[in-house]
Novice: 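Got a structure for you, written out below as structure tokens; questions coming shortly.
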Amino acid sequence: MNVRARPRDPATPPAITRIADLPSLLKPFVARLLPGLALLAMATIPVQAEPDWDARALARALAPPLGLPRITAEEKSVLTPNIIGLGRALFFDPRLSRSGEMSCATCHQADQAYTQNSLERSVGANGTLIRRNAPTVINAKYYERLFHDGRARSLETQFLSPLLAPEEMNNESADAVVAKLAAIPHYVQAFRDVFGGPPDIEGVGTALGAFQRTLISGNSRFDRWKFGDDPAALTAEEKAGFELFSGSASCSSCHQIGEDHALFTDQATHDIGTTRRKGKKTADLGQFEVTGIVLDKGRFRTPGLRNVELTGPYMHDGSMASLEEVVRFYNQGGVPHANQDVRIRPLNLTDGQMAQLVAFLKTLTGDNLNEL
């Protein structure tokens, strides 16, 4: 399945792809309808055992693509095809939610680069709109902070937040999830094979973390140019965009590039002014909601930029539909206010230079999205 959208016939009216684009009377109805439509097939067709996929996933994790850091010894000690397969089954299984209609993959859709391109913010339990955009989980294993507000530090524990959040998977407790798994013979056998015992919540986290640690993507055209010494991998326009990115536009001060790999994040949180934009309807205080520290108001995690061409809409609330809109926002200096990050300032780029930046960002798409 190709993750790139097919070109639309110019004679065909554009489809409505976001709830925000719908007439107001239709929004609540569609918000409630989407989860059932999206999961109708998934709920009735279990994830099949695919030992070849799981073995390839392990090989990919053990030898990351060009541009990514090497695997750690700790990861090597826990990754096996069986635990990856169990984590994969759990990730796609809507039975992990209270309603039986919402899986991890509902918001992190494999054919959309493990995010959700059609909605600014995902639809959660009972058709409610979640406050934030679903970030991609590709390359999430490299992040020191998870979620937009950076509240979690481990793939093996972060799953508890969406599992128990009333607006997301809405489970009444972790024990209720374990009890549900313990009533499914396939999972009872799988947990016994992998962990030597019955299903438990620690095993759920370990398996989900193992699967996500294999969702890595590199060897982009940028990687082949920067780390593979292929001067022809980028066009002149894209190289000019890189010079702006790493030079006068100062993008790389937060979206950092190393000597032999690039994660495109400084692993920190920043207030860039997105919460101050006109038309904001919901208050989201970002990291402040985790720490209670006043200076953390409006601070959100620096996302990595790999595959960014495919992971829109952008920002923590999905309020920017295109890379062009994102670049224009930074070019104008965000929305100046007290405590805004000092690096956010008017860039005074021309339209041509902004186009060069966007062209560069589109070189960060990995070559294995179809495999993932």
Side-chain angles (χ1 to χ4, degrees), residues 60-62 64-79 87 91 104 107-108 113-115 132-163 165 202 205-218 220 222-223 227 245-246 250-272 274 284-293 295-308 311 314-316 341-344 364 366 372:
R60 178 173 60 247
L62 293 176
L66 183 67
L68 298 179
R70 295 178 181 177
I71 189 173
T72 66
E74 183 180 7
E75 284 181 292
K76 283 183 181 180
S77 68
V78 299
L79 289 180
F91 188 90
C104 305
C107 297
H108 304 285
Y114 285 87
T115 181
R132 294 174 181 165
N133 174 262
T136 180
V137 297
I138 296 176
N139 293 330
K141 74 166 222 169
Y142 295 113
Y143 296 157
E144 296 174 5
R145 302 167 185 253
L146 299 166
F147 298 109
H148 289 293
D149 56 22
R151 67 184 181 271
R153 298 298 182 107
S154 167
L155 283 173
E156 284 69 29
T157 58
Q158 65 81 29
F159 77 101
L160 284 168
S161 181
L163 201 69
E202 182 179 1
T206 301
L208 282 171
F211 168 66
Q212 291 177 83
R213 289 181 184 280
T214 73
L215 299 179
I216 57 178
S217 177
S220 65
F222 165 77
D223 294 311
F227 304 118
F245 184 92
S246 57
S250 300
C251 309
S252 62
S253 62
C254 293
H255 298 285
Q256 295 177 349
I257 299 171
E259 290 297 320
D260 58 2
H261 66 267
L263 298 181
F264 293 97
T265 177
D266 59 2
Q267 308 286 4
T269 60
H270 302 277
D271 178 357
I272 63 172
T274 51
D284 189 336
L285 300 180
Q287 193 178 17
F288 171 80
E289 297 179 7
V290 180
T291 67
I293 298 172
L295 290 178
D296 285 341
K297 286 185 177 180
R299 293 171 69 101
F300 295 91
R301 177 179 62 84
T302 304
L305 298 180
R306 289 186 173 276
N307 306 304
V308 70
T311 57
Y314 304 101
M315 303 301 180
H316 69 277
D341 192 286
V342 295
R343 283 164 288 197
I344 306 302
L364 304 181
L372 296 185

Novice: Over all heavy atoms of both residues, which pair between T115 and T311 is shortest? Give the atoms and the distance, please.
Specialist: CG2-CA, 3.7 Å
Novice: Looking only at non-hydrogen atoms, find the nearest pair between A61 and L79 and report the distance.
Specialist: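 The answer is CB-CD1, 3.8 Å.
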Novice: With a 4.5 Å cut-off on side-chain heavy atoms, are L372 and I138 touching?
Specialist: yes
Novice: Distance check, rounded to the nearest 0.5 Å: F147 atom CZ versus R153 atom CZ?
Specialist: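 Rounded to the nearest 0.5 Å, the CZ-CZ separation comes to 13.0 Å.
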Novice: So, do D271 and K297 sit near enough that their side-chain heavy atoms are less than 4.5 Å apart?
Specialist: no
Novice: Whether the side chain of H255 engages the backbone of F264 through a donor-acceptor N/O pair (distance < 3.5 Å, no angle test) should be reported.
Specialist: yes
Novice: Using a 3.5 Å distance criterion without hydrogens, assess whether the side chain of Y142 forms a donor-acceptor pair with backbone atoms of G304.
Specialist: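 Checked: no pair found.
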Novice: Please name the pair of heavy atoms, one in H261 and one in L68, separated by the smallest distance, quoted to 0.1 Å.
Specialist: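 That closest heavy-atom pairing would be CB-C, 3.8 Å.
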Novice: If you apply the rule side chain to side chain contact (heavy atoms under 4.5 Å, CB included), what do you find for Y143 with Q158, and how did you get there?
Specialist: CA-CA 12 Å; Y143 296 157; Q158 65 81 29; over 6 Å; no
Novice: Quick one: are R301 and L146 in side-chain contact, heavy atoms under 4.5 Å?
Specialist: no
Novice: For the backbone of S217 and the side chain of N139, can you confirm whether one donor and one acceptor N or O come within less than 3.5 Å of each other?
Specialist: yes
Novice: State, to 0.1 Å, how close L208 and C104 come at their nearest heavy-atom pair, and which atoms those are.
Specialist: CD2-SG, 4.4 Å
Novice: Are Q212 and Y114 close enough, and set up right, to give a side chain to side chain contact (heavy atoms under 4.5 Å, CB included), and what steps lead you there?
Specialist: CA-CA 10 Å; Q212 291 177 83; Y114 285 87; over 6 Å; no
Novice: Can you find a side-chain donor-acceptor pair between T269 and R145 that sits under 3.5 Å?
Specialist: no
Novice: Does H270 form a side chain to side chain contact (heavy atoms under 4.5 Å, CB included) with I344? I'd like the steps, not just the answer.
Specialist: CA-CA 10 Å; H270 302 277; I344 306 302; over 6 Å; no
Novice: Assign the ring pair H316 / H148 to parallel, tilted or perpendicular, where the plane angle (0 to 90°) is split at 30° and 60°.
Specialist: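 H316 vs H148 ring planes: perpendicular.
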Novice: Give me the atom names and distance for the closest heavy-atom approach of D266 to S253.
Specialist: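 Heavy atoms of D266 and S253 come nearest at OD2-O, 4.2 Å.
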Novice: Tell me every residue that passes side-chain hydrogen bond (donor to acceptor under 3.5 Å, both in side chains) with R306, counting only those two or more places apart in sequence or in another chain.
Specialist: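 R306 satisfies side-chain hydrogen bond (donor to acceptor under 3.5 Å, both in side chains) with D223 once adjacent residues are dropped.
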Novice: Are F245 and F222 close enough that their ring centres sit under 6.0 Å apart?
Specialist: no
Novice: Return the CG to CG distance between D149 and D284, rounded to the nearest 0.5 Å.
Specialist: 8.0 Å
Novice: Could you tell me whether a side-chain N or O of N307 sits under 3.5 Å from a main-chain N or O of G366, the two making a donor and an acceptor?
Specialist: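 Side chain of N307 to backbone of G366, a donor-acceptor pair under 3.5 Å: yes, one is there.
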Novice: Minimum heavy-atom separation for E289 and L285, please, with both atom names.
Specialist: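 E289 and L285 have their closest heavy atoms at OE2-N, 3.0 Å.
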Novice: Heavy-atom count around R343 CZ within 6.0 Å, excluding the residue itself: above 12?
Specialist: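 Count over threshold, so yes.
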Novice: May I ask you to say whether R213 pairs ionically with E156, meaning some side-chain N is under 4.0 Å from a carboxylate O?
Specialist: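 Between E156 and R213 there is a salt bridge, with a charged N closer than 4.0 Å to a carboxylate O.
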Novice: How far does CG of D260 sit from CG of L66, to the nearest 0.5 angstrom?
Specialist: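 Between D260 CG and L66 CG, I get 10.0 Å after rounding to 0.5 Å.
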Novice: Does E202 have more than 12 heavy atoms from other residues, nucleotides or ligands lying within 6.0 Å of its CD?
Specialist: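 Incorrect, the count does not exceed 12.
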Novice: Can you tell me how far the CD1 atom of I272 sits from the SG atom of C254, to the nearest 0.5 Å?
Specialist: 9.0 Å
Novice: Please tell me if the side chains of M315 and F300 come closer than 4.5 Å, counting only heavy atoms from C-beta onward.
Specialist: no
Novice: To the nearest 0.5 Å, how far apart are CG in D341 and CZ in R299?
Specialist: 7.0 Å
Novice: Got a donor-acceptor contact below 3.5 angstrom from the Q267 side chain to the E144 backbone?
Specialist: yes
Novice: Just how far is it from atom OG1 of T291 to atom CG of D296, taken to the nearest 0.5 Å?
Specialist: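 Output value for this atom pair is 3.5 Å.
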